[in-house]
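In the text below, chain A, chain B and the rest are named by the order of the sequence lines, each starting its count at 1.
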Protein chains: 4
Amino acid sequence: MLIVMDTNAGAEAVARVCREIEAMGLKSHPIPGSIRTAIGITGNKARVDADRILAQAGVKEIIHVTKPFKLVSREFFPDDTVVDVDGVKIGGPEIIVMAGPCAVESREQCMTIAEQVVKSGARLMRGGAYKPRTSPYSFQGLGEDGLKILAEVREQFGLKIVTEAVDTEVLPLVVDYADMVQIGARNMQNFSLLRAAGRQPKPVLLKRGMSATLEEFLMAAEYIMAEGNSSVVLCERGVRTFADHTRNTLDLSAVPFVKRTSHLPIIVDPSHGTGKREKVLPLSRAAIAAGADGLIIEVHYDPANALSDGIQSITPPSFADLMKEVRAIAGVLGRTCA
Amino acid sequence: MLIVMDTNAGAEAVARVCREIEAMGLKSHPIPGSIRTAIGITGNKARVDADRILAQAGVKEIIHVTKPFKLVSREFFPDDTVVDVDGVKIGGPEIIVMAGPCAVESREQCMTIAEQVVKSGARLMRGGAYKPRTSPYSFQGLGEDGLKILAEVREQFGLKIVTEAVDTEVLPLVVDYADMVQIGARNMQNFSLLRAAGRQPKPVLLKRGMSATLEEFLMAAEYIMAEGNSSVVLCERGVRTFADHTRNTLDLSAVPFVKRTSHLPIIVDPSHGTGKREKVLPLSRAAIAAGADGLIIEVHYDPANALSDGIQSITPPSFADLMKEVRAIAGVLGRTCA
Amino acid sequence: MLIVMDTNAGAEAVARVCREIEAMGLKSHPIPGSIRTAIGITGNKARVDADRILAQAGVKEIIHVTKPFKLVSREFFPDDTVVDVDGVKIGGPEIIVMAGPCAVESREQCMTIAEQVVKSGARLMRGGAYKPRTSPYSFQGLGEDGLKILAEVREQFGLKIVTEAVDTEVLPLVVDYADMVQIGARNMQNFSLLRAAGRQPKPVLLKRGMSATLEEFLMAAEYIMAEGNSSVVLCERGVRTFADHTRNTLDLSAVPFVKRTSHLPIIVDPSHGTGKREKVLPLSRAAIAAGADGLIIEVHYDPANALSDGIQSITPPSFADLMKEVRAIAGVLGRTCA
Amino acid sequence: MLIVMDTNAGAEAVARVCREIEAMGLKSHPIPGSIRTAIGITGNKARVDADRILAQAGVKEIIHVTKPFKLVSREFFPDDTVVDVDGVKIGGPEIIVMAGPCAVESREQCMTIAEQVVKSGARLMRGGAYKPRTSPYSFQGLGEDGLKILAEVREQFGLKIVTEAVDTEVLPLVVDYADMVQIGARNMQNFSLLRAAGRQPKPVLLKRGMSATLEEFLMAAEYIMAEGNSSVVLCERGVRTFADHTRNTLDLSAVPFVKRTSHLPIIVDPSHGTGKREKVLPLSRAAIAAGADGLIIEVHYDPANALSDGIQSITPPSFADLMKEVRAIAGVLGRTCA
């Protein structure tokens, strides 16, 4: 349920309505808009007594939200959410590109890649310190040492850091070092991790599960938001189908669907989305043309010897070309790109 | 197997080699390139006696093609094929857009839509005179009357006509009236129809089957080409997956895959590919950005009352907007669009 | 729409109602049941004038069928249909097993296999004289020579013959030689072929398309029945999914779904359904346990040298074991098996 | 890598070889078989120095395991593993059936259901105290109160308890109360939870992920076993496909695949596997016929008012019928069922 306040209702009126909601045993979520404030209500099992709320000063109307998702819904919050990653704004006019290796392998590797991607216009550095691997015998990441290397990259190149928290145990450490916490595709319905991500202060990059419907995807974001963290960026990374010419089938129709249904930003991962180096450039262009707010790209100077996912990594010079083309496409849509 | 001729080998030398191949009980497919001619060989069950061919004058080398497809393979024929639909060239620098209603419903309907889409830059008119319908009780199309209406559209507006041949029985009639014969997704592995389409002179628009791998898709084109018709344009139109926010999942990675593996042009159908009107514009932009050679779009001035597929048709004004944006994206890739 | 006649309404009353229906421009389908006759109506675009029909002598009631399928619907025709293949009854208490090679390769091959499978209890011989192949360069079958061999098998061993008609051109020939006409998975939505199969007198074995929903599957059967042929046996043969441990994913839940929704018999093809020899036995048992009316099994005495699909063929001794286990499972369900 | 010991090699020889392996920085996994002991080796990044091991007394031979999975592989451990759930043996000749409500709703609900399912032959009681739900606003389970109710059920009816641990936080509590810990489909690649499940003493029921290949499924079991817990029972519960007549597509071919590739037991969940009450009985029969070692079935006396998944629950009388039919099918395969 959503309460729409009068345009001239002040902070005090909003606070009063929130207290009233909490007194009814519910949770209130004030959502300040450009023109007026709305207040979301969650926690209601049955229908809420609307009269009691309508009676409050400053309340204009009450909208019953019919979609299964509430906080993520555009019906609930019509304006685009812009997620602020320590000054880098995702969901605004600027296309934001995140780049870096699949896994943090060494200080030298990260520094080399960072130096090159920052020159081409990347705003965030990606790189896994903890890697979810199908086999228990595969390289599982450098752990905290990897996080320290990423922090050094930020120090030296000004790139913001996005890296994956693979479980609730490592989440606090990732929150300490990173600017943005990634929840991986395999964890999209790890509800405990989603809730924990909702109770920490850093923005979250939430990847779509391998066989998640978009409703399930948005409901996963709802788990994070219901805990109080509304800085969520969604990421389409391909789904599992019978098609065997790519590792996953990149579902770009997710971009306009999410934009229409939700106010949250959405970016695209063409590296995992295709699993093939030579498809990263055309599908990066396509993602931006479809309306995505950004990209996350695997870059490695020596893909053949990368410890993981070399086959889908592009080289720094290819990344520079990609950024040029992405910038041109962004221009067509009236957007910019660093 | 592929025979590469010397750059200075004349038509006579090519003809002699072809006769030699035929004498061995095989089929020869001369492929004139910009620099030299190549000759494809099909029909070989076992390995061909290469020495006998290498001994011919004008033969430079022999390439053993390892892919299961031959004639459609870029390995076989490295230059881009440009398909000429009575003067409209698909696969060259110009992005070609085909537009029109799902089904031909009446003369007035077609004339109205044609007048509007031609103004916006469409080069071909689409419209089904024969409709493959899941239910035997649904509208099955106007048949030959529909073809006559399409011919009138060409007469009056200069649009070339592409329309579906649903079986071998109606194929000759479709060939008579249309400029390009469409083979629908449900018929992608109707091998008799593919062979018949390969034995008639009009270019073919071949749609990807609902659950076809790209190898199967290219093999379907191979069926057409093996009969002697090399004017084949492929069309990605979405595949069937678990995802339920669109009617099909548009697989844009098919575009760079086909471009790399084959020399044939590929266009995209975002109307069937998404089944939702509001996703046609963003995915049209994305298709062109991914490298597609064209689009096929359902347009209807009264989608709510269309006899079929109204929900995925856009209106003529929306189509005009779409063309503007497609033109801009085409420009970024160094291509044009009428 | 369905008209239910009084239990004591005679043939004359039924005929009179049918004439009345035809006079209204509709098609009537008398369905004699064990207790009473029902009459299906198809061809109605709008709602039929029920009063006019209810006024006829012998009419008990009128049921408006709401499902998209009519003739195939159990709502329309509540009793199980038993399809009679020249004396072999599919859909009754006896489990019917069809067996034979993927493709007819030679007279000797077919005679050898037939002799062995008939001993183990097979009632029909399968074997393709026309093979739909992904590649135009693969073995396409022996054609009419293959049909003649199959006819000889019937002559000598009393096995009924089921073989595929790949297109409308070969259908008449297949109808001449075979006892049951197979429509393959790739042709499940080849509506011209379905209609033609509905206009010939032999029973039809209709295989589920590789990515067909069960509604589409039943609608394909509806195409055949709407032309007047109600001897249709459905066949689940696996669908295409991401799973890669089998060639297709055998969807045994289709069996109880079809049994509940339709009155038509359904058999299972575990050979194509798994594509792996060692899974044919366990999934044959499972199919019968799920309620299937029969099986169609690929058997070859020399799978390694079969011209097609050797990897999914079992040997005659394995087939003999399979029949023993199938018979035992059939017994549990109160059914028999030769 | 797998070391096969001589048939007469005693416990001391085995211990000596294990010490040698550990001294090389590797992990040893002694696997006592009926005739001889084998010792698995994990933790090797590169090829292990086989000579050093072959030189040990009692070592017969060394097998290099080529599959990506080791401990779960039948190549590694040829005998069937029988998992002992406090006296109930899964993977032996007896078919084991687990039954109970989707979620523990109340003491009365559980007692009522338990009383009825134990009479029909269930050996374990299922029931979620913690429920992974797509929406944060759905019923999330009774938590520890639910576990206490389950413990009471065991006390009173002698049923062993299997219940889900949704995260590492609740795992210790679940281990305290339950006899078998379930890892749900959404957590199949929650590697932290898998590892934690491998470090506790109770047997684990591991459900296949919604879009997991069987290789990924077995690798998830490998995570558990690599931590030292080899009491793992696999559970096929349907995968996500385009098919819409069931909630998931039950992939019964997984049963013979797992039986061939691994030594671990596998059971089937036809309740989640179909999501439709009326398909639970036929697919239970089919699962046992395919070779499954057991079933897990949702039973509720009032499905219409169940707090979750009522539509796929069967009533206690239907469960009694199911057990009778399962028993009969088990008999055909030379197995028993309580």
Side-chain angles (χ1 to χ4, degrees), chain A residues 208-218 236 238-261 266 268 270 273-292 324-334, chain B residues 208-218 236 238-261 266 268 270 273-292 324-334:
Chain A
R208 181 178 178 187
M210 254 173 270
S211 61
T213 64
L214 290 188
E215 187 174 314
E216 290 168 344
F217 190 20
L218 290 175
E236 161 64 31
V239 290
R240 194 161 265 190
T241 73
F242 68 88
D244 55 4
H245 66 288
T246 41
R247 184 171 165 187
N248 295 289
T249 299
L250 195 66
D251 178 9
L252 288 182
S253 71
V255 173
F257 177 91
V258 163
K259 285 284 171 194
R260 200 181 162 86
T261 314
I266 179 166
V268 170
T274 66
K276 298 268 175 75
R277 185 176 312 136
E278 72 273 7
K279 292 187 184 63
V280 171
L281 174 58
L283 287 169
S284 292
R285 291 190 310 246
I288 299 308
K324 266 182 231 139
E325 303 201 9
V326 161
R327 213 168 284 128
I329 300 277
V332 169
L333 276 79
Chain B
R208 181 178 178 188
M210 255 173 268
S211 60
T213 64
L214 290 187
E215 188 174 313
E216 290 168 342
F217 190 20
L218 291 175
E236 161 65 31
V239 289
R240 195 161 265 189
T241 73
F242 68 88
D244 55 5
H245 66 289
T246 41
R247 184 171 165 187
N248 295 289
T249 299
L250 195 66
D251 178 10
L252 288 182
S253 70
V255 174
F257 176 91
V258 163
K259 284 284 171 196
R260 200 181 162 84
T261 314
I266 179 165
V268 170
T274 66
K276 299 268 175 75
R277 185 176 311 138
E278 72 273 8
K279 292 189 184 64
V280 171
L281 173 58
L283 288 168
S284 292
R285 290 190 311 244
I288 299 307
K324 267 182 229 138
E325 303 202 9
V326 161
R327 213 169 283 129
I329 300 278
V332 169
L333 276 78

Over all atoms of both residues, closest heavy-atom pair of B:Ala290 and A:Ala286: CB-CB, 4.0 Å
For A:Leu281, side-chain contact (heavy atoms from CB on, under 4.5 Å) partners two or more places apart: A:Arg285, A:Leu322, A:Glu325
Stepwise side-chain contact (heavy atoms from CB on, under 4.5 Å) test for A:Val332 and B:Val332: CA-CA 8 Å; A:Val332 169; B:Val332 169; 3.6 Å; yes
B:Asp251 side, atom CG; A:Leu250 side, atom CG - distance, nearest 0.5 Å: 8.5 Å
Heavy-atom closest pair, residues A:Thr213 and B:Phe242: N-CE1, 4.0 Å
Atom group of B:Ala212 that falls short of 4.5 Å from chain A, counting heavy atoms: backbone
Structural part of B:Thr241 lying under 4.5 Å from a heavy atom of chain A: side chain
For B:Lys276, salt bridge (charged side-chain N to carboxylate O under 4.0 Å, His left out) partners two or more places apart: none
B:Leu283 portion near chain A, given a 4.5 angstrom heavy-atom threshold: side chain
Between A:Leu333, A:Val255, A:Thr274, the one whose heavy-atom pairs under 4.5 Å with chain B are most numerous: A:Leu333
Region of B:Arg208 in contact with chain A, defined by heavy-atom distances below 4.5 Å: side chain
Proximal component of A:Ser211, with respect to chain B [non-hydrogen, under 4.5 Å]: both
B:Ser253, part contacting chain A, at a heavy-atom distance under 4.5 Å: both
Between A:Ala287, A:Ala289, A:Ala243, A:Ala254, the one whose heavy-atom pairs under 4.5 Å with chain B are most numerous: A:Ala289
CD on A:Glu216 to CG on B:Asp244, rounded to 0.5 Å: 8.5 Å
Side chain / backbone / both / neither for A:Arg260 at chain B, heavy atoms under 4.5 Å: side chain
Chain A interface, residue from B:Gly291, B:Ser284, B:Pro256, B:Pro270 that has the most non-hydrogen pairs under 4.5 Å: B:Pro256
